[in-house]
Each structure stands twice: as C-alpha cells, then as structure tokens.
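Report on the structure given below.
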Amino acid sequence: VYSTTNFALSSGFASELIWSNTVAVANRLTAEGVPGYVTQMAYTGYRAVPETVDIPSNVMVMVAEKGPWSVHQPHILKKNNDEIAAWHRKLGRKVWLWLYMNKFAALCIDDVPTMSPKCVGEYFAEHKTDIFGAFIESECERFLYNHLNWYVFSRICWNVDTDVNAVLDEYYRLMYGPAAGELKAFFESLEDKWVKGVLGHPVDTIWGPSFSPVERDEMWNTIYTDAVLADYAKLLDRAAAKTAPGSLERRRVELMRREFLDPLAHEAKEFRERAAKLNGIVHRLGEGNVLKLVPNKIDRGATEAPAGWAPTTATIVEKDGGLVLKVHCEEPRIADSVATEHAFDDGDIWKDDNIEIMVDPTGMRREFVHFIINSLGSYGDMRHVKDGRRWKIDGKWNSGADVKVVRGAAAWDCEVRIPAGAFMELGRRFCGEIYRGRLLKGMGKPEYSAWSPYVTNPCDIDNFGYWEK
C-alpha cells in the first residue's frame with residue numbers, strides 16, 4: 001500500500017482532521033449553551049486553512065509565524081503573511097498570532113544581543129488589520145536583550161497606531177538624557193547586526209522557511225569584528241562622558257555596557273583565542289606518527305585520564321589520493337563490549353560501542369564526511385554540509401570505503417580505507433577528528449574520548465584539529 005500524502009510538517013496534511021475535531025467541540029459547547037470560545041493554533045501539520053471545514057464564530061484561530069525578525073527576510077515574510085491573510089479570509093474575522101523572537105535550536109548563540117524593537121514596530125504595523133492580538137515567545141539568556149522589544153510590543157498592544165520611532169526617541173531621552181544619541185546609535189547598530197547579519201538567510205525545512213544563522217567564523221570575523229567592538233566601546237565611553245558621575249543616566253549607561261558590550265566582547269575574545277589554539281592542534285600524516293585520543297566530556301581540557309579509562313590511538317596515511325586510518329582501541333573488558341551486528345548505514349550503530357571518524361577535506365569547516373563503526377565491524381557513512389548553523393545530512397551518500405574490524409583479547413582494531421572518490425579534493429592541510437564512544441555492560445552512559453581537546457560532540461566541526469600531509 002502506497003500513500004500519496006505529503007507528511008512534511010509544513011504541508012498541512014492534518015488540517016482537515018484537526019480543525020474538524022476543533023469545530024465539533026465548539027459546536028457541542030454552543031448546543032449545550034456553554035458560553036465562551038475555543039482557541040486552536042494553526043501549527044505545523046495543521047497550519048493550512050482547511051478546505052472542507054466551516055469554522056464557527058466561537059473558535060479563535062491563533063496562527064504561529066516567525067514574527068518580527070522576518071521583516072528583513074522576504075522569503076519567510078511573504079509565506080507567513082500569506083498564511084495570516086488566508087486565515088483572515090477563511091474566517092471573515094481577525095486572528096491572533098504566536099510569534100518567535102527566541103533563542104532556540106540554531107539560534108542558541110550565547111551573549112549575542114537580540115535587540116530588535118524597530119522590527120517589532122514594522123511587523124505589527126503591517127498586520128494591524130489582520131489580527132486582534134499576539135503572543136511573542138522570547139526566551140533568551142539575558143532579560144535586558146528583550147526590554148525594548150517588549151516595551152514597543154506593549155505600546156502597540158495598547159494602541160496599534162503607535163508611532164514607534166517617537167516611542168523609541170522618548171525612551172532614549174528619558175533613560176539616558178544627554179547620552180541619548182549614543183545609546184540610540186548603539187542599540188540600532190545591534191539590531192542591524194542581529195536581524196540583517198546573524199540571522200543569515202532563510203532555508204526551507206520540514207517546518208517551512210526558517211532562519212539559518214551564520215557560522216561562528218563569519219559572525220566574529222565579519223559581523224562583530226574587533227573594529228566594530230572597539231567602535232561600540234568608544235560610543236559608550238562618549239555616552240558616559242556626557243553624563244554626570246553617579247547620576248541615574250551614568251549608571252544606566254554602565255549597566256548597558258555590562259549587559260550588552262562586555263559579554264559580546266568576551267565571546268569574541270574566546271572565539272579568537274580558541275581559533276589560535278586550534279591552529280596548534282596538528283597531526284602530520286604518516287605510519288610513524290601516532291595520534292592519541294584524550295578524555296572528552298569529563299573535564300574540558302583534562303590531562304589526567306579517569307579511573308578505568310581505555311586509551312585509543314590511530315595512524316593516518318594518504319594512499320592514492322584517499323586515506324587509510326588504523327584505529328587501535330584498548331579494551332581490557334572486550335567481552336563486555338556492547339554491540340550488535342547491523343546492516344550497512346543502520347541508524348542505530350551510534351548507540352553501540354563505537355568509533356567515529358570525521359574528515360573535512362577542504363579545511364573550511366563547512367562540510368565533512370562521517371563514518372561510524374562499532375566494535376563488531378558494522379558501519380555506516382554520511383556526508384554533512386553546513387548551511388549557517390544548520391546541517392544538511394545526506395545519509396544516502398556512500399563513500400565506497402573498505403572497513404575491517406579485528407577483535408583481540410584486550411583490544412579491537414579498526415582499519416578504514418577511504419578512496420579518493422569520497423573527497424572532491426583533499427587539501428594539504430585539512431580538518432579531522434576521531435571520536436570514541438566506549439560502551440560496556442553495566443555502564444550507565446558511554447565513556448567518550450576525542451583527539452581535539454575542544455570538541456563537545458563528534459560533529460563539532462568548529463573545534464576539529466588539523467591533519468597535514
């Protein structure tokens with residue numbers, strides 16, 4: 001039996017079912033004389049307007065959309081606006097919105113400000129005739145990142161014809177006095193950096209068009225450069241100089257420096273220091289050069305192994321344009337190794353006692369090939385391509401690699417021969433990582449080892465070290 005249904009979450013495949021049930025509840029309440037409303041969100045698989053269902057007046061429809069951050073992303077904005085308009089036409093009355101201005105999933109970027117009050121004003125000005133209210137989901141790590149977003153939203157909720165620019169000018173004047181111009185310039189620049197820079201370009205996902213934030217190297221080397229951060233510091237220095245020592249205005253300027261600029265500058269500094277350290281993590285290919293894994297996820301940068309830790313070593317050589325990796329996994333408890341035989345590319349191999357090998361052939365940290373091999377020799381491979389901070393994973397990709405595992409009395413050895421055809425080109429200096437997830441009977445969770453002391457998981461390409469021919 002074959003189904004022609006499109007089960008992508010953005011397709012609205014469940015709209016007829018969900019909305020017919022919602023209407024059934026609403027109609028029964030009416031029939032039994034129960035006053036009030038039923039509210040239902042148009043979301044994921046039931047966001048599309050149902051063609052065959054008439055929705056009574058005691059159903060309030062809430063449409064979930066990206067919201068104010070999409071005003072500079074035309075592809076996202078048009079699709080979202082079309083959905084809101086379609087629901088308005090269907091109902092013959094206004095809807096309300098659930099909007100997202102939160103750090104979630106790929107947008108969980110610590111200490112980067114999400115200040116965007118002008119986007120809030122622009123977004124709601126466009127929708128004031130289509131909606132009767134809204135909720136903005138806005139979780140982030142610092143309350144003050146949202147303070148102007150919430151303030152502008154609150155003023156618009158009170159009066160949809162609010163002059164947002166006038167509200168903001170009043171805020172700057174009353175909060176910072178003689179330093180109003182500097183703080184306005186500071187916050188407007190932060191808004192531009194976030195909505196026009198960090199949020200990147202939209203990508204199509206199973207949920208529909210979504211934000212795809214830029215990579216870390218672009219964020220810190222192109223958006224929040226040392227020169228930009230230095231200009232921010234000078235701007236706030238001028239702001240402080242214009243206010244009286246100890247005054248409320250001075251203290252507010254200092255607060256905004258502590259909450260906005262200082263954390264941002266700290267993140268930039270950590271990125272540059274980490275990049276410098278990674279340049280020193282280099283393994284030269286060759287039979288005589290042994291690569292050693294270190295404990296991972298136990299103590300960041302640990303130099304001492306935990307009790308019972310099993311060492312892992314590897315050699316890597318280039319052969320006919322490809323790579324040959326030989327990984328030696330010491331295992332004094334080899335009989336307790338947790339692994340089962342799997343078909344090629346089975347999705348559960350990673351749950352076993354395993355090693356993972358990642359190779360970024362260009363060294364640009366935008367793509368890598370990925371091998372997972374368990375202690376019985378079952379394996380799978382895939383290709384990852386980075387799009388901003390999101391990954392596109394091609395599980396159907398086949399490297400053509402030859403993988404062999406030999407188990408001994410107190411170790412298991414894995415040899416992986418990756419042909420040249422698995423790489424478009426293998427640079428003289430490229431990125432790589434070997435990651436071991438040791439899993440034995442009686443272990444509550446795996447014991448992890450990695451070559452780079454900075455990786456936090458096998459796919460943490462930003463922290464892979466370098467392999468040189």
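Just so we're clear, the structure is a prediction, and the values are computed from it rather than from any experiment.
Look at Arg383 and Glu367 and you find a salt bridge, because one of the NZ, NE, NH1 or NH2 atoms lies within 4.0 Å of a carboxylate O, short of that distance. With salt bridges taken as basic N to acidic carboxylate O contacts below 4.0 Å, none links Glu139 and Lys103. Residues Arg47 and Glu65 are paired through a salt bridge, judged by an N-O separation under 4.0 Å between the basic side chain and the carboxylate. Looking at Asp262 and Arg258, no side-chain N of the basic residue comes within less than 4.0 Å of a carboxylate O on the acidic one, giving no salt bridge. With salt bridges taken as basic N to acidic carboxylate O contacts below 4.0 Å, one links Asp226 and Arg272. Salt-bridge annotation for Lys79 and Asp82: absent, with no side-chain N of the basic residue lying under 4.0 Å from a carboxylate O of the acidic one. Between Arg216 and Asp460 a salt bridge is recorded (basic side-chain N to carboxylate O distance below 4.0 Å). A salt bridge links Glu415 to Arg417: at least one charged side-chain nitrogen sits closer than 4.0 Å to a carboxylate oxygen. Ion pairing between Arg436 and Glu331 holds under the 4.0 Å rule for side-chain N and carboxylate O. With respect to the salt-bridge test (charged N to carboxylate O, under 4.0 angstrom), the residues Arg365 and Glu215 do not qualify. A salt bridge is defined here as a Lys NZ or Arg NE, NH1 or NH2 lying under 4.0 Å from an Asp or Glu carboxylate O, and Glu273 with Lys277 fails to meet this definition.
A donor-acceptor pair under 3.5 Å is absent between the side-chain atoms of Asn354 and the main chain of Ile373, judged by distance alone. No donor-acceptor distance shorter than 3.5 angstrom exists from the side chain of Asp352 to the backbone of Asn374, with no hydrogens or angles considered. Looking at Arg407, its side chain does come within 3.5 Å of a backbone N or O of Ser375 through a donor-acceptor pair.
Side-chain contact check for Thr312 versus Glu330: every heavy-atom pair is 4.5 Å or farther apart. Under the 4.5 Å side-chain criterion, counting only non-hydrogen atoms from C-beta, His342 is in contact with Asp348. Two residues are said to be in side-chain contact when any heavy atoms from C-beta on lie closer than 4.5 Å; Phe371 and Ile355 fail this criterion.
Aromatic ring orientation, His147 versus Phe187: perpendicular (interplanar angle above 60°, classes split at 30° and 60°). Aromatic ring orientation, Trp194 versus Trp69: perpendicular (interplanar angle above 60°, classes split at 30° and 60°).
Taking every heavy atom of both residues into account, Val317 and Gly286 meet most closely at CG1-C, 3.6 Å.
Within the 6.0 Å centre-distance limit, the rings of Tyr448 and Tyr435 are counted as a close aromatic pair. Between Tyr145 and Phe260, the ring centre distance stays below 6.0 Å.
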Check: Is there a side chain to side chain contact (heavy atoms under 4.5 Å, CB included) between Trp397 and Asp345 once you walk through the steps?
Finding: CA-CA 10 Å; Trp397 175 82; Asp345 268 353; over 6 Å; no

Next item on the list: List the steps and the verdict of side chain to side chain contact (heavy atoms under 4.5 Å, CB included) for Leu17 and Tyr46.
Entry: CA-CA 8 Å; Leu17 171 64; Tyr46 46 94; over 6 Å; no

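For the 3.5 Å distance criterion, the side chains of Asn296 and Ser449 fail to qualify, holding no donor opposite an acceptor. Between the side chains of Trp412 and Ser337, not a single donor N or O lies within less than 3.5 Å of an accepting N or O.
In this view, Phe344 and Tyr379 satisfy the ring-ring contact (aromatic ring centres under 6.0 Å, His included) rule, not counting sequence neighbours.
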